Amino acid sequence: MKSKFSIIIPCYNEEKTVYSVVKKICNSFEKELVVVVNDGSTDNSLIELNKIENNNLYVINQDENMGKGFAMRNGLDFIKDK
């Protein structure tokens, strides 16, 4: 029996790479959830993330940059509530 896991990805101003990286992760592993926390990006990262269609992908948008640690805790809290 394979165990499943969830992935949390903090994102800040990664519009050039976030689509391809997250898409590959969503399609590569047997996992429960992929949670991307957009940590107050000022570029088009959120637009790129919203282009990805996957039932296991959840995007959390933080209006203000709170740092990687806060983004990770926010993602972990989301997973615990799922």
Side-chain angles (χ1 to χ4, degrees):
M1 180 173 133
K2 292 183 180 180
S3 61
K4 290 186 179 181
F5 58 94
S6 295
I7 299 171
I8 303 169
I9 304 168
C11 171
Y12 178 72
N13 289 344
E14 298 291 339
E15 74 176 294
K16 293 180 181 176
T17 58
V18 72
Y19 179 88
S20 61
V21 169
V22 173
K23 185 93 168 154
K24 284 180 186 177
I25 289 170
C26 285
N27 295 326
S28 296
F29 303 102
E30 188 174 328
K31 70 234 150 281
E32 291 182 45
L33 303 172
V34 176
V35 178
V36 181
V37 182
N38 182 43
D39 192 17
S41 293
T42 56
D43 64 0
N44 291 321
S45 294
L46 185 59
I47 292 169
E48 293 299 311
L49 287 167
N50 287 331
K51 291 178 183 178
I52 303 169
E53 293 183 20
N54 188 292
N55 292 336
N56 295 334
L57 174 65
Y58 294 87
V59 177
I60 298 171
N61 186 48
Q62 297 177 174
D63 293 330
E64 182 180 338
N65 183 293
M66 303 294 288
K68 189 185 302 184
F70 186 87
M72 293 297 290
R73 286 189 302 275
N74 198 359
L76 187 58
D77 289 342
F78 178 85
I79 289 170
K80 287 179 182 176
D81 290 341
K82 271 300 196 183

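These figures come from a predicted structure and were not determined experimentally.
- With sequence neighbours left out, the side-chain hydrogen bond (donor to acceptor under 3.5 Å, both in side chains) criterion links D39 to Q62.
- For CG of N55, the number of neighbouring non-hydrogen atoms (other residues, nucleotides, ligands) closer than 6.0 Å is 12 at most.
- I9 CD1 to I60 CD1: the interatomic distance, rounded to the nearest 0.5 Å, is 11.5 Å.
- For N50, the side chain to side chain contact (heavy atoms under 4.5 Å, CB included) test picks out L46, with sequence neighbours left out.
- Considering only residues two or more places apart in sequence or on other chains, N54 meets the side-chain hydrogen bond (donor to acceptor under 3.5 Å, both in side chains) condition with none of them.
- Counting heavy-atom neighbours within 6.0 Å of K31 NZ, excluding the residue itself, gives a total above 12.
- Note that CG of N61 is 9.5 Å distant from SG of C11, once rounded to the nearest 0.5 Å.
- Applying the salt bridge (Lys or Arg N to Asp or Glu O under 4.0 Å) criterion to E14, with sequence neighbours excluded, gives no partner residue.
- Counting only heavy atoms from C-beta outward, the side chains of I7 and F5 approach each other to under 4.5 Å.
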Quiz: residues 75-82 side-chain donor-acceptor pairs under 3.5 angstrom, not counting sequence neighbours:
none

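- Qualifying side-chain hydrogen bond (donor to acceptor under 3.5 Å, both in side chains) partners for S28, counting only residues two or more places apart in sequence or in other chains: none.
- Cluster membership for Y58 and V34, using ILVMFWY side-chain heavy atoms within less than 4.5 angstrom, is not shared.
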